[in-house]
Amino acid sequence: MAVELTVGPVAHGGWCVARHDGRVVFVRHALPGERVMAEITEETTRFLRADAVEILEPSADRVVPPCPFAGPGRCGGCDWQHASLDAQRRLKADVVAEQLKRLAGIDWKGTVEEVPGAPDGLGWRTRVQFAVNRDGVPGLRRHRSHDIEPIDACLIAHAEVENVGAEVMNWRHASSVEVIASSGGDQAVVVAPKPRRTVAVPDLDTSVAVFVDEGKGRSRVVHGRNHLTERVGERDFQVTGSGFWQVHPGSAATLLGTVLEFADPKPGEWALDLYCGVGLFAAGLAEAVGPEGAVFGVESESVSVRDAERNLRDLPQARFARGRVENALDHFDIERADLVVVDPPRAGLGREVVNRLVTLQASRIVYVSCDPATLARDLAWFGEQGYRLADLRAFDGFPMTHHVECVALLINDPDSVPAEPVGAPTGESATDDVSPVPED
């Protein structure tokens with residue numbers, strides 16, 4: 001069913017908000033202020049979803065999508081290819097501000113800053129995972145669908161990812177193929193086979209390492225080294241297999257610099273780096289606190305813990321342990337800290353971890369977040385217990401998509417007046433507190 005809509009403000013998740021017959025409609029491929037013809041793609045008791053299939057009155061921010069696979073019913077990897085880069089960042093800033101206000105009662109009037117390394121918003125993604133159809137043809141999934149859109153090139157992929165040529169090869173019996181290009185000059189392909197199947201890996205350049213993903217964070221080397229090298233400043237970081245690393249080539253340095261600016265670590269201080277990965281933030285913290293201080297990193301992936309220990313072997317003041325943050329602080333009898341850095345997954349910290357962190361009485365908590373909704377929820381909970389948001393910067397680490405990276409500084413301020421308690425977010429937001437299921 002097609003309906004004519006006048007499009008309203010942006011919502012979290014790559015949507016804009018409209019109304020039809022008194023019901024909220026979340027519209028993709030539209031921009032605020034446009035008049036569009038939209039095809040209804042989903043109907044629930046609370047709201048509708050739709051794709052703008054014809055633009056009747058375009059926004060001045062609208063551009064022709066550079067990728068031929070972008071658009072209604074096509075590849076779901078990008079959300080905003082139809083908007084100029086400046087407009088994309090304004091939309092993301094609007095989302096961050098709306099989430100902070102609605103969920104935490106915080107007024108934020110900042111901007112979303114460009115991350116160096118992708119001036120046109122293309123060619124930045126250094127890790128791309130392709131789904132593979134039953135015929136072995138790779139592609140990217142369509143929005144809210146298991147269907148695969150075959151592609152022959154991805155415009156947001158880094159040039160060194162594209163040079164592998166995975167999109168034009170056959171990967172029969174694979175469920176997915178991830179291509180990685182590291183800042184240290186390494187290239188790798190991580191193949192996830194279908195259950196009880198063996199993938200015949202096509203011929204690749206001999207310099208490309210090949211891993212088989214065996215699940216539960218384990219990978220087996222078929223060819224080349226079992227790790228990649230990522231370089232930030234003068235330090236190299238080993239990342240084994242498909243372990244976590246920022247996908248934008250400028251994000252690691254940008255986030256590290258911002259974390260250190262906000263944390264302001266001083267010689268002799270005791271710092272925690274929670275969800276520490278392979279030790280990016282711990283390295284900067286350890287160098288700043290010096291041998292008289294200490295840094296303790298906690299990470300749930302054992303492979304990443306081993307990488308972190310290797311990466312910071314020249315900094316004995318940094319130690320690492322495997323564990324879930326929910327349990328690790330008690331398990332290791334952590335009772336205090338001068339400062340804490342947290343970089344949780346998209347689900348955020350949650351009430352249990354927030355409650356435990358405030359017992360440490362750290363003067364500064366630096367929170368790195370890839371989801372403004374869960375960030376805002378957690379900031380509200382911190383606020384109830386005497387921590388005040390002192391600063392927040394937002395970065396466009398994912399151009400052409402709705403994703404945005406935020407770094408927040410919380411300071412221990414027992415005299416601050418907490419905002420009214422708020423409910424937890426559940427996804428896109430709009431007027432009348434409509435919150436559908438969140439998007440990944």
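Between Thr359 and Arg356, the side chains place a donor N or O and an acceptor N or O closer than 3.5 Å (distance only, hydrogens not considered). For the 3.5 Å distance criterion, the side chains of His403 and Arg346 qualify, holding a donor opposite an acceptor. A side-chain donor from one of Gln385 and Asn355 sits under 3.5 Å from a side-chain acceptor of the other. If you check the side chains of Asp413 and Tyr387, you find no donor sitting under 3.5 Å from an acceptor. For Asp205 and Ser207, the side-chain atoms include at least one donor-acceptor pair closer than 3.5 Å. Using modelled atom types and a 3.5 Å distance limit, the side chains of Glu160 and Asn163 yield a donor-acceptor pair.
Residues Val368 and Val342 fail the side-chain proximity criterion, which asks for heavy atoms closer than 4.5 Å. Contact check for Glu167 versus Phe130: side-chain heavy atoms found under the 4.5 Å cut-off. Between Ile365 and Phe382, the closest side-chain pair of non-hydrogen atoms falls below 4.5 Å. In this structure, the side chains of Asp391 and Phe262 come closer than 4.5 Å at one or more pairs of heavy atoms. Two residues are said to be in side-chain contact when any heavy atoms from C-beta on lie closer than 4.5 Å; Trp270 and Phe296 meet this criterion.
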Using the rule given for side-chain contact (heavy atoms from CB on, under 4.5 Å), can you reason through Ile411 versus Leu389, listing the C-alpha separation, both sets of side-chain angles and the distance that settles it, and then say yes or no? CA-CA 7 Å; Ile411 60 173; Leu389 180 66; over 6 Å; no
Using the ring pair (Phe, Tyr, Trp, His ring centres under 6.0 Å) rule, take Trp15 and His143 through it: C-alpha gap first, then chi angles, then the decisive distance, then the call. CA-CA 12 Å; Trp15 310 84; His143 184 64; 5.4 Å; yes
CA sep, side-chain torsions, deciding dist, call: Arg364, Glu269, salt bridge (charged side-chain N to carboxylate O under 4.0 Å, His left out): CA-CA 12 Å; Arg364 296 96 73 203; Glu269 285 194 314; 2.8 Å; yes
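A salt bridge does not link Lys266 to Glu292: none of the charged side-chain nitrogens sits closer than 4.0 Å to a carboxylate oxygen.
For the atom pair CG of Leu228 and CZ of Arg127, the computed distance is 6.5 Å after rounding to the nearest 0.5 Å. One distance of note links CD of Glu261 with CG of Leu256; it measures 11.5 Å at 0.5 Å rounding. Distance check, rounded to the nearest 0.5 Å: OG of Ser182 to CG of Asp236 gives 9.0 Å. For the atom pair CG of Leu357 and CH2 of Trp381, the computed distance is 12.5 Å after rounding to the nearest 0.5 Å.
Heavy atoms from other residues, nucleotides or ligands lying under 6.0 Å from NE2 of His331 number 12 at most.
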Which pairs would a plain distance check flag for residues 60-72, meaning a side-chain donor or acceptor within less than 3.5 Å of a matching protein atom at least two apart in sequence or in another chain?
residue: Asp61; atom: OD1; partner: Arg90; partner atom: NH2; Å: 2.9
residue: Asp61; atom: OD2; partner: Arg90; partner atom: NH2; Å: 2.8
residue: Arg62; atom: NE; partner: Glu34; partner atom: OE2; Å: 2.7
residue: Arg62; atom: NH2; partner: His29; partner atom: O; Å: 2.9
residue: Arg62; atom: NH2; partner: Glu34; partner atom: OE1; Å: 2.9
residue: Arg62; atom: NH2; partner: Glu34; partner atom: OE2; Å: 3.4

Give every donor-acceptor pair under 3.5 Å between a side-chain atom in residues 239-247 and any protein atom, sequence neighbours left out.
residue: Thr240; atom: OG1; partner: Asp307; partner atom: OD1; Å: 2.8
residue: Thr240; atom: OG1; partner: Asp307; partner atom: OD2; Å: 3.1
residue: Trp245; atom: NE1; partner: Glu230; partner atom: OE1; Å: 3.4

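With hydrogens and angles ignored, the 3.5 Å screen pairs no side-chain donor or acceptor of Ser145 with any backbone N or O of Arg142.
Residues that satisfy the side chain to side chain contact (heavy atoms under 4.5 Å, CB included) test with Leu315, not counting sequence neighbours, are Arg235, Ala286, Glu287, Leu312, Gln317.
Results of the side-chain contact (heavy atoms from CB on, under 4.5 Å) test with Val341 over Leu260, Leu272, Val366, Val295 single out Val366 as the only residue that passes.
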